[in-house]
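Only one structure is covered here, and it is reproduced in the block below.
This one's a predicted model, so the numbers in the text were calculated from it and none came from an experiment. So you know, we letter chains A, B, ... as the sequences are listed, proteins then strands, and number each from 1.
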Amino acid sequence: MSLQYFGLHSISGSLVVLDHVEGAKFDEMARIVLDDGTERTGRVAMLEGDKAILQVFEGTHGLSLTNTRTQFTGRPMEMPLSGDLLGRVFTGAGRPADGLGEVMAEKFGDINGAPLNPVSRQYPRNYIQTGISSIDCLMTLIRGQKLPIFSGTGLSHNKLAVQIVQQARIAKDSGAEFAVVFAAMGIQNDVADYFRRSFAESGVLQNVVMFLNLANDPIVERIITPRCALTAAEYLAYEKHMHILVVMTDMTAYAEALREFSSSKGEIPGRKGFPGYLYSDLASLYERAGIIEGIEGSVTQLPILTMPNDDITHPVPDLTGYITEGQIVLDRGLEQGGVYPPISVLPSLSRLMKDGIGEGYTRADHSAVANQLFASYAQVQDARSLASVIGEEELSALDKQYLAFGKYFEKCFLSQGFDENRSMEETLDLGWTLLSLLPKSALDRVDDQVLDAHYDPDAAAALIRKVEG
Amino acid sequence: MMQQPVIYSVNGPVVKIRNTNVFSMMEMVYVGNRRLIGEVIGLTDEETTIQVYESTSGLQTGEPVEPTGAPMSVTLGPGILTNIFDGIERPLRALEDASGAFIGDGLAVPTLDNEKEYDVSIKVKVGTIMQGGEAYASCPETSAILHLCLVPPNLSGKVVFAAKDGKYRINDEIIRLEDAAGRVHSLTLCQKWPIRRARPAARRLPPSRPMITGQRVLDTLFPIARGGTAAIPGGFGTGKTMTQHQIAKWCDADIIVYIGCGERGNEMTQVLEEFTALKDPRTGKSLMERTVLIANTSNMPVAAREASIYTGITLAEYYRDMGYHIAIMADSTSRWAEALREISGRLEEMPAEEGYPAYLPSRLSEFYERTGAYETLNGREGSVTVIGAVSPQGSDFSEPVTQNTRRFVRCFWGLDKALAYARHYPAINWNMSYSEYLDDLSHFYESEVDPKFNEYRTEISALLKEEQSLMDIVRLIGSDVLPDDQKLIIEIARLIRVGFLQQNAYHAEDTYVPLDKQFRMMELILHVYHRTKKMIAEHVDLEAIKSSGIMELVIKVKYDIPNRQLERFDALTQQIDGMLDSLRTKKKEVL
């Protein structure tokens with residue numbers, strides 16, 4: 001259709017209203033050409049009578065009521081897809097940003113995707129080894145899972161994400177390729193640069209697709225950035241049969257963009273001004289992780305979000321936690337104590353790990369050692385809070401042992417170098433060695449047989465000698 | 001002739017039509033050229049408002065809207081069980097066949113398999129006078145459940161035709177009924193019922209029997225009655241879904257309706273996989289044989305999520321009318337409330353608390369009041385029990401959905417983050433939770449389990465309560481300053497917490513525990529408590545008791561004594577008595 005509409009009825013924020021429109025479709029894309037020849041992209045956000053309300057991705061600055069010609073495309077927002085996406089860098093709206101020209105599309109994909117039928121899903125069971133002890137042992141990442149990192153401003157979540165990308169191995173080698181789709185939403189130039197450099201240095205850049213919406217890019221574009229990234233991921237996973245890890249950062253910036261956009265549309269706000277549909281909207285992103293029965297390939301998501309004021313009850317981490325299959329929580333106290341990665345073990349969780357570990361996947365004793373580490377480390381917290389009141393001296397013998405266990409657990413197990421890639425065996429053995437710092441009777445989450453096989457106070461003593469030099 | 005109504009505006013899932021009066025409230029309609037399913041939710045003389053159950057992308061103004069003349073209804077008949085539907089009862093397996101792994105729009109698929117043949121036994125003859133709700137035929141729907149075909153509640157009359165026993169498909173005519181006005185109605189194996197209207201029953205029965213779940217903390221401390229209501233509120237990661245899975249797998253309901261309302265897709269896949277593989281302890285068949293799943297995951301259209309709860313409870317009521325006991329797992333009612341909020345926002349209604357519409361409490365109460373134990377129209381007894389998960393925003397139980405739910409349910413199983421962090425599962429906080437059915441059910445426990453059951457339960461609760469106040473002191477000054485008898489209470493409370501309340505869903509013996517074993521475990525713990533309390537009064541050292549290994553024996557009882565060998569409790573009690581006696585003698589020798 002080559003019908004063009006001259007001028008606009010009104011402009012408000014990133015929204016423009018056209019009137020006397022015929023045949024516009026809800027959700028379709030429109031091209032807005034300015035008098036100076038530049039082009040903007042809009043999407044139909046609402047239809048009312050002969051009026052169409054468009055959201056303009058590049059912002060409305062410079063638009064006037066008379067200097068535009070608008071043409072509807074008749075198609076929803078689509079992006080070109082091909083195997084050549086790998087190694088490319090795009091803007092947040094999915095346009096090439098690396099000067100290598102347009103993608104030769106094998107097909108076009110609607111960026112909104114479609115809901116995956118629950119009966120077509122395959123329940124995720126195979127783990128991804130990250131080489132990071134705390135994650136591998138206590139919150140194992142499973143292929144097809146969505147496992148966010150809850151962080152705070154200034155914490156080392158970016159470093160952790162890079163380390164995971166560099167070290168991630170698919171446990172059972174299926175022959176399928178592994179690639180990363182990286183979506184940056186509202187992050188600073190420096191941070192984007194850090195990711196690009198790190199990927200380049202470790203030689204994975206050729207297996208990465210990047211979508212960059214930086215902090216100074218338009219917010220409406222930010223809303224489509226993750227959708228472009230996930231469309232690319234789904235294509236590579238289900239049609240090119242690759243295992244895709246999608247890193248999305250920062251989801252808080254995304255949600256704030258959504259809030260800004262919602263308020264400009266005059267919608268009724270829910271909690272903290274976020275729109276009432278924030279849950280559904282986030283779910284439409286996170287639920288795009290998964291595996292399809294009978295198709296090789298998977299989409300695993302690792303979204304990163306910064307909790308405003310380190311508050312885990314803030315709507316963004318809160319709703320995210322309700323949708324995702326667990327979370328990795330970073331802790332400022334640990335970071336300040338020099339622990340890297342500063343993963344706060346107790347609130348962290350991987351919901352899918354129970355079915356992806358143990359005999360046939362990792363090792364038969366995996367769930368035993370993980371459960372016991374969680375339970376014992378919870379005791380450490382109690383002992384510490386008691387010690388802070390009555391002093392360490394007054395603690396019972398057992399509580400003192402817990403303090404020692406906590407100290408070495410953080411020093412030897414949680415802490416590891418940025419280049420240190422621990423195998424699953426190493427990690428699990430280390431867990432048992434640390435547990436052996438505690439008396440056998442305190443290890444009540446483990447079957448006696450398993451305990452007898454792995455309990456080894458001598459190894460624990462040797463570890464302490466080594467650490468204390 | 002009036003003009004065909006056409007779309008005037010589109011805003012997300014809300015579509016409006018102007019200048020028409022052909023629609024009625026709650027009527028189901030087909031929207032647009034793709035015939036998307038929608039429901040009329042608002043009527044004024046100017047505008048008709050419709051919520052659309054499918055994605056509205058691509059709709060244009062001016063596309064037609066077609067009335068159906070009937071309210072939003074579900075099809076009821078054999079073939080519901082073992083199936084998995086979306087929020088408006090479209091079978092997901094058929095959708096997969098129609099559009100592949102990703103769900104498309106405007107797909108018209110039959111709700112129930114209309115090719116499958118059932119072995120139907122006809123129960124009536126020509127000339128029989130039938131009232132609404134009476135059964136005219138039966139057929140084995142699955143190997144576990146016999147399906148009864150019931151005369152629709154609002155119909156009665158004389159049978160003027162009855163088919164012979166044999167194999168029929170769901171749309172085949174089984175009987176014809178002539179009503180008082182002389183109109184003849186043809187009845188097949190299936191019927192329709194509007195989802196927002198409760199199916200009638202003869203009379204409501206008081207709660208008198210617990211729904212046994214095999215979960216100790218629930219059955220013993222906070223039991224739910226058959227036909228009762230319970231809420232499981234908890235922040236993310238506290239185990240709402242896990243608890244519901246456990247109840248669904250093990251509870252003694254005849255039929256499970258599992259509603260995944262705005263939750264994760266992988267979870268529904270898991271339920272489907274696990275329930276198919278899991279052998280039902282009572283029938284020996286797959287658990288799916290008596291289960292129906294309704295999956296409207298968080299990324300599926302929000303209006304259908306709103307409907308999914310009603311679809312689920314209507315299916316449950318239908319089976320209740322056949323005399324079955326149904327347990328509904330609704331995971332999660334908060335997502336349903338959010339769907340209400342989202343649609344309310346699109347309608348620009350005046351919001352009440354936190355953006356939720358002012359009618360949130362009345363919608364919640366309408367839903368929960370459709371539960372209960374009933375005498376059905378055909379004189380059978382059936383019940384619908386609802387267990388609704390609540391996902392409070394920010395784990396804050398003072399938010400509107402939790403607070404309003406609390407007013408309409410009688411069991412409150414509060415999940416606690418601190419317990420979940422310490423991997424104490426099920427993470428049901430015993431200080432925060434309650435059951436209002438304790439009195440209603442006390443007779444059952446006394447007569448069916450043991451006369452002492454209620455007494456023991458009270459004592460266990462009291463010990464936990466006492467531990468809580470002692471721990472307040474310990475947290476301030478440490479446990480060393482407490483006298484031995486108070487330390488003993490803390491130790492016994494630990495036995496209760498670790499040995500009784502904690503239950504391992506992945507352990508073959510511990511995942512389900514019958515009531516008599518629950519009773520024997522309580523008895524053992526209290527026996528140890530009373531004996532040791534006496535010994536402490538005789539100045540036996542608590543540390544000696546603790547290091548004797550007795551406590552560990554009691555804690556491991558849940559794994560060591562299988563559910564079917566309860567007589568071994570006697571031997572264990574003797575062994576423990578022996579160990580305590582020798583401690584006592586040792587003490588005397590020292591003196």
Side-chain angles (χ1 to χ4, degrees), chain A residues 23-28 46-50 76 112-124 144 267-271 276-277 279-280 283-284 287-288 290 292 313-315 318 321-323 325-327 346-347 349 352 354 371 374-375 378 385-386 389-390 394-396 441 444-445, chain B residues 8-11 56-62 84 92-93 95-96 100-104 235-237 260 262 264-266 268-270 272-273 295 297-300 302 335 338 341-342 345 348 351 354-355 391 393-396 417 421-423 474-480 498 506 552 555 559:
Chain A
K25 292 178 185 163
F26 183 67
D27 237 12
E28 78 169 307
M46 193 175 160
L47 288 172
E48 192 172 352
D50 64 354
N112 294 309
L116 188 52
N117 192 326
V119 300
S120 309
R121 278 181 187 268
Q122 185 187 332
Y123 189 67
E267 290 171 341
I268 295 166
R271 213 157 51 114
Y277 51 80
Y279 177 84
S280 301
S284 73
E287 278 292 322
R288 290 173 80 173
I292 297 177
T313 66
H314 182 277
D318 189 48
Y322 276 122
I323 305 164
E325 286 138 349
Q327 63 276 339
L346 296 179
L349 167 80
L352 299 183
K354 60 184 189 299
N371 280 336
F374 273 124
S385 56
L386 189 56
V389 177
I390 60 169
E394 301 295 314
L395 290 181
S396 66
S441 60
D444 54 10
R445 299 294 171 94
Chain B
Y8 172 72
S9 76
V10 185
N11 180 11
T56 51
S57 286
L59 274 188
Q60 297 183 356
T61 54
I84 173 165
L92 289 173
R93 290 193 189 96
L95 288 182
E96 185 188 30
F102 293 94
I103 299 173
F236 57 85
R264 305 176 182 92
N266 277 334
M268 294 317 293
T269 314
Q270 184 193 5
L272 195 59
E273 230 177 72
T297 57
S298 52
N299 53 344
M300 283 156 79
V302 68
R335 305 296 162 232
E338 277 164 15
R341 175 169 71 181
E342 195 171 326
E348 292 168 3
E354 295 198 12
S391 321
Q393 299 173 3
S395 304
D396 169 14
K417 252 195 172 139
Y421 284 179
R423 297 328 190 240
V474 170
R475 248 172 248 126
L476 284 178
I477 52 175
S479 61
D480 277 2
V498 182
Y506 301 111
E552 279 65 41
I555 286 178
Y559 301 138

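Of all heavy-atom pairs between B:Q60 and A:L47, the closest is CA-CD1, 4.3 Å. For B:F236 against A:Y322, the heavy-atom pair with the smallest separation is N-CE2, 3.6 Å. Residues B:V10 and A:F26 come closest through the heavy atom pair CG1-CG, 3.5 Å. Across B:G58 and A:D27, no two heavy atoms sit closer than the pair N-CB, 4.3 Å. When all heavy atoms of B:F102 and A:I292 are compared, the closest pair comes out as CE1-CD1, 3.9 Å. Looking at every heavy atom in both residues, A:G321 comes nearest to B:R264 through O-NH2, 3.4 Å.
In this structure a side-chain-to-backbone donor-acceptor pair under 3.5 Å is present from A:E287 to B:G265. Between the side chain of B:Y506 and the main chain of A:K354, no donor-acceptor pair closer than 3.5 Å is present. In this structure a side-chain-to-backbone donor-acceptor pair under 3.5 Å is missing from B:E354 to A:R271. Remark: side-chain polar atoms of A:N371 are not paired, donor with acceptor, to backbone N or O of B:R423 under 3.5 angstrom.
Chain A forms more heavy-atom pairs under 4.5 Å with one residue of B:L59, B:N11, B:T61, B:N266 than with any other, namely B:N266. Across A:A378, A:S280, A:P124, the residue that shares the most heavy-atom pairs under 4.5 angstrom with chain B is A:S280. When the candidates A:G144, A:A375, A:G276, A:S441 are compared by the number of heavy-atom contacts under 4.5 Å with chain B, A:G276 comes out ahead. If you tally non-hydrogen atom pairs under 4.5 Å between each of A:L116, A:N112, A:V389 and chain B, the highest count goes to A:L116. If you tally non-hydrogen atom pairs under 4.5 Å between each of B:G355, B:A422, B:G394 and chain A, the highest count goes to B:G394. Between chain B and the options A:P115, A:A114, A:G113, the largest number of non-hydrogen pairs under 4.5 Å is found for A:P115. Ranked by heavy-atom pairs under 4.5 Å with chain A, the list B:G345, B:P351, B:G235, B:A295 is led by B:G235. With chain A as partner, the option from B:M268, B:R93, B:E273 having the largest number of non-hydrogen pairs under 4.5 angstrom is B:E273. With respect to chain A, the highest number of heavy-atom pairs below 4.5 Å among B:A101, B:S298, B:S395 belongs to B:A101. If you tally non-hydrogen atom pairs under 4.5 Å between each of B:V302, B:L476, B:V498, B:V474 and chain A, the highest count goes to B:L476.
Looking at B:Y8 and A:E48, their side chains come closer than 4.5 Å, going by heavy atoms from C-beta outward. Looking at heavy atoms from C-beta onward, B:L92 lies in side-chain contact with A:P118 at the 4.5 angstrom threshold.
Only the side chain of A:I268 comes within contact range of chain B, judged by heavy atoms closer than 4.5 Å. With a threshold of 4.5 angstrom between heavy atoms, A:I390 approaches chain B through side-chain atoms but not through N, CA, C or O. Of the two parts of B:E342, only the side chain, counted from C-beta on, holds a non-hydrogen atom closer than 4.5 Å to a non-hydrogen atom of chain A. In this structure, chain B has no heavy atom under 4.5 Å from any part of A:P76. Contact of A:A283 with chain B is made through backbone and side chain together, with heavy-atom distances under 4.5 Å. Heavy atoms closer than 4.5 Å to chain B are found in the side chain of A:R445, but not in its backbone. At a 4.5 Å heavy-atom cutoff, the contact between A:Q327 and chain B is made by side-chain atoms alone. With a threshold of 4.5 angstrom between heavy atoms, A:P269 approaches chain B through N, CA, C or O but not through any side-chain atom. Of the atoms belonging to B:I555, not a single heavy atom falls under 4.5 Å from chain A. At a 4.5 Å heavy-atom cutoff, the contact between B:I103 and chain A is made by backbone and side-chain atoms alike. At a 4.5 Å heavy-atom cutoff, the contact between B:R341 and chain A is made by side-chain atoms alone. With a threshold of 4.5 angstrom between heavy atoms, A:A24 approaches chain B through N, CA, C or O but not through any side-chain atom. For A:S385, no part lies near chain B; criterion is any non-hydrogen pair under 4.5 Å.
Taking B:T297 as the reference, B:N299 meet the side chain to side chain donor-acceptor pair (under 3.5 Å) condition, with sequence neighbours excluded.
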Practice prompt. Tell me, with the steps shown, if A:T313 and B:D396 meet side chain to side chain contact (heavy atoms under 4.5 Å, CB included).
Written response: CA-CA 8 Å; A:T313 66; B:D396 169 14; over 6 Å; no
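Atoms CD1 and CZ, from A:I323 and B:R335 in turn, are 7.0 Å apart once rounded to the nearest 0.5 Å.
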